[in-house]
2 protein chains.
Amino acid sequence: MASRDHADEQRFLDEYNPQDYLSPLVTVDVAIFTLIEGRLHVLLVQRANHPERGRWALPGGFIDAGQDQALSAAAARKLRQKTGVTAPYLEQVCTVGDNARDPRGWSVTVLYMALMAHAPTAAFVDSVADTRWWPLADAMAHDLAFDHRQLLAAARQRLSGKTAYTVLPVHTLDTPFTLTQLQQAFEEVLGAPLEKKSFRRRILSADILDEVGEAPPPGGRGRPAALFRPKAGLEDHAFVRVVGEGK
Amino acid sequence: MASRDHADEQRFLDEYNPQDYLSPLVTVDVAIFTLIEGRLHVLLVQRANHPERGRWALPGGFIDAGQDQALSAAAARKLRQKTGVTAPYLEQVCTVGDNARDPRGWSVTVLYMALMAHAPTAAFVDSVADTRWWPLADAMAHDLAFDHRQLLAAARQRLSGKTAYTVLPVHTLDTPFTLTQLQQAFEEVLGAPLEKKSFRRRILSADILDEVGEAPPPGGRGRPAALFRPKAGLEDHAFVRVVGEGK
DNA sequence: CAACTTAGTGGCTTTATGCCAACAATAACA
DNA sequence: TGTTATTGTTGGCATAAAGCCACTAAGTTG
């Protein structure tokens, strides 16, 4: 009976033709964030094809059934094509699907968020046509393709939300970095100032950074600062309490 | 030029035929949790069709382009069909997609998690064929269809993770409830005992419940307990700190 | 060496939770 | 009508992690 059922299933699969069923369009989009001169930026691409040709949009597109083993691989591929980066911080944010967001009909997009340091990507991004880093506020104010404005807002919210109890902004910095730089990254992401002593105590007592030397002070003025490098596995670290509830 | 482009796009859309493009299969699955006699249960359905016929699986299936306006509507529909419940707590968990999870080829599933009280659903669920509440541990130990074991694990993890800083388990109880019942729901979800005083202080000072009377003690023994009903908007409440870090 | 600038710390306050013991309200029972 | 058992509720101090603010440290510039 089990084997009978198995033969049954085999026959079903042999006769199965994907063309017979109409699936929604499935895309993957990535909101790639970085810090440039201390400000949050997001990577946008000007659409070369219909629909919404000419509009700026999040990098993304269809899944390549031949190339992509899984959704996250598809997201990583899009990201690699636009930035050259192969191992960024990459996290799934959410999936949006309905019959109105794309003129072609029912469509589904899986949204990812990525973080990376700017310096190593700058040259590559410059070389990719119709692709550039936008200051986040400008991007949010702009009229993006499809529902990408909402997608961007969702990614941004995930970023700040998670920054409250993790060390996500680490991934937007070049290593090594100083604690002041890290704090500024947090402040930019959270959109609010943090208290120096509390911040340093929180980060240092979490034991997630290795001290790796000293940096000359920025602008040549002031005391040199200790440099740190993230320890392995720090993306898993979750604080028991949220940061920045004072004032 | 703008209108030229617009006409251009119109022509593109007129000529667009979805059949020309091969999209992955898209399904929506829902992990529906409830408490029965204090223990976490999940709703499973025995598959009536190939593939994986006869295996138990999470309720779910294809999007109905005619009926479903959006992904969340599709999830709500599946849930309504199996439980009769129209307004449960429903949250998107994640989306899994690859070329190996379904024998028919590249497939994507959007996983939702739902919470509901048991009593109002019991009769309806009983009346639906091939559908029943499984104790969570049994379900996890069972050989479910496709990758539903992993999906179930992901939903379960979201549930306990979020319970640490919200009041999610409220949605698994009939209203009104006592604080002891709520605490027991938390403990079952978290898999660890909580301290009575801390728990009560935390919940009460959050000001998210309305006191609505008194309940006779369970089993007729002991002091009667105050009854509470959740205030509107309590799903948004997030505590600044995680619960249950002691011992 | 004084003035300025940025990094880092001391130490007290505040907030939220952990912990444990006491107290309160009911039912069953002697 | 106590007495005991059972469950709900609260008091009060200890502890953990943050907030706050002033002060010290280590450089540069002139």
Side-chain angles (χ1 to χ4, degrees), chain A residues 37-38 163-167 173 176-187 190 192-229 237-247, chain B residues 37-38 163-167 173 176-187 190 192-229 237-247:
Chain A
E37 288 168 24
T163 295
Y165 62 96
T166 64
V167 284
L173 296 175
F177 48 79
T178 69
L179 284 183
T180 300
Q181 288 166 346
L182 184 60
Q183 180 174 346
Q184 285 164 352
F186 269 73
E187 291 172 337
L190 293 172
L194 296 177
E195 214 286 321
K196 187 168 49 162
K197 178 67 188 297
S198 304
F199 181 79
R200 304 172 74 93
R201 189 177 35 202
R202 179 178 165 104
I203 299 294
L204 290 177
S205 67
D207 191 35
I208 49 181
L209 301 180
D210 280 323
E211 192 172 342
V212 295
E214 267 204 351
R221 293 146 137 30
R223 174 173 172 176
L227 284 170
F228 295 89
R229 186 188 303 285
H237 185 80
F239 292 94
V240 173
R241 194 177 154 178
V242 140
V243 76
E245 287 291 308
K247 208 73 164 270
Chain B
E37 288 167 23
T163 295
Y165 63 97
T166 64
V167 285
L173 296 176
F177 48 79
T178 70
L179 284 182
T180 300
Q181 286 167 344
L182 184 59
Q183 179 174 346
Q184 285 165 351
F186 269 73
E187 290 172 337
L190 293 171
L194 297 177
E195 214 284 321
K196 192 166 42 162
K197 179 66 188 297
S198 305
F199 180 79
R200 303 171 76 91
R201 189 177 34 203
R202 179 178 163 105
I203 300 293
L204 290 177
S205 67
D207 190 37
I208 49 183
L209 301 180
D210 280 322
E211 194 172 341
V212 295
E214 267 204 350
R221 293 147 136 32
R223 175 174 172 174
L227 284 171
F228 296 88
R229 185 188 305 285
H237 186 80
F239 293 93
V240 271
R241 193 178 154 182
V242 141
V243 75
E245 288 289 306
K247 211 59 158 286

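Letters A, B, ... mirror the listed sequences (proteins, then strands); counts begin at 1. Note: hydrogens, waters and symmetry copies are ignored here, and every other heavy atom, side chains too, is used.
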Query raised in the report: Any sub-3.5 Å donor-acceptor pair from A:Glu187's side-chain atoms to A:Leu194's backbone N or O?
Result: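 Present.
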Kindly point out which of [options] is positioned nearest to the side chain of [X]?
X        : options                : value
A:Pro224 : D:dG27, C:dG18, D:dT9  : D:dG27
B:Arg200 : C:dG8, D:dT10, C:dT17  : D:dT10
A:Lys197 : D:dA26, C:dT9, D:dG19  : C:dT9
B:Val240 : C:dC19, C:dA16, D:dC20 : C:dA16
B:Arg201 : D:dA18, D:dC13, C:dA7  : D:dC13
A:Arg223 : C:dT26, D:dT9, D:dA26  : D:dA26

Side chains of [X] and [Y]: closer than 4.5 Å at any heavy-atom pair?
X        : Y        : value
B:Leu209 : B:Val167 : no
A:Phe228 : A:Leu173 : no
A:Arg200 : A:Thr180 : yes
A:Pro224 : A:Pro217 : yes

How close or far is atom [atom2] of [N] from atom [atom1] of [X], stated in whole angstroms?
X        : N      : atom1 : atom2 : result
A:Glu187 : D:dG19 : CD    : P     : 12 Å
A:Glu195 : D:dA17 : CD    : P     : 17 Å
B:Phe199 : D:dT10 : CZ    : P     : 14 Å
B:Glu245 : C:dA16 : CD    : P     : 16 Å
A:Gln183 : D:dC20 : CD    : P     : 13 Å
A:Arg241 : C:dT17 : CZ    : C1'   : 10 Å
A:Tyr165 : D:dA17 : OH    : C1'   : 18 Å
A:Leu182 : C:dA7  : CG    : P     : 13 Å

Query raised in the report: Are A:Arg221 and C:dC4 close enough that a side-chain N or O sits under 4.0 Å from OP1 or OP2?
Result: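 It does not, given that no N or O in the side chain of A:Arg221 lies less than 4.0 Å from OP1 or OP2 of C:dC4.
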Requested in this report: For B:Gly222 and for A:Gly220, find the nucleotide of DNA chain D with the closest heavy atom, then tell me which residue's nucleotide is more 5'.
Outcome: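 The residue mapped nearer the 5' terminus is B:Gly222.
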Report task. Would you kindly compare B:Gln184 and A:Gly244 by the position of their nearest DNA chain D nucleotide and give the one closer to the 5′ end? Result ->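 Final value for this comparison: B:Gln184.
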**Report entry** DNA chain C: 5'-proximal contact among A:Leu179 and B:Lys196 (nearest heavy atom)
**Finding:**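 First, find each residue's nearest nucleotide; the 5'-ward one identifies A:Leu179.
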Query raised in the report: Think B:Arg241 forms a cation-pi with B:Tyr165, using NZ or CZ under 6.0 Å from the six-ring centre and within 45 degrees of its axis?
Result: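 Judged by the rule (NZ or CZ under 6.0 Å from the ring centre, within 45° of its axis), B:Arg241 is not positioned above B:Tyr165.
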Which part of the nucleic acid does [X] contact within heavy-atom distance under 4.0 Å: base, sugar-phosphate only, or nothing?
X        : result
A:Gly219 : nothing
B:Ser198 : base
A:Pro217 : nothing

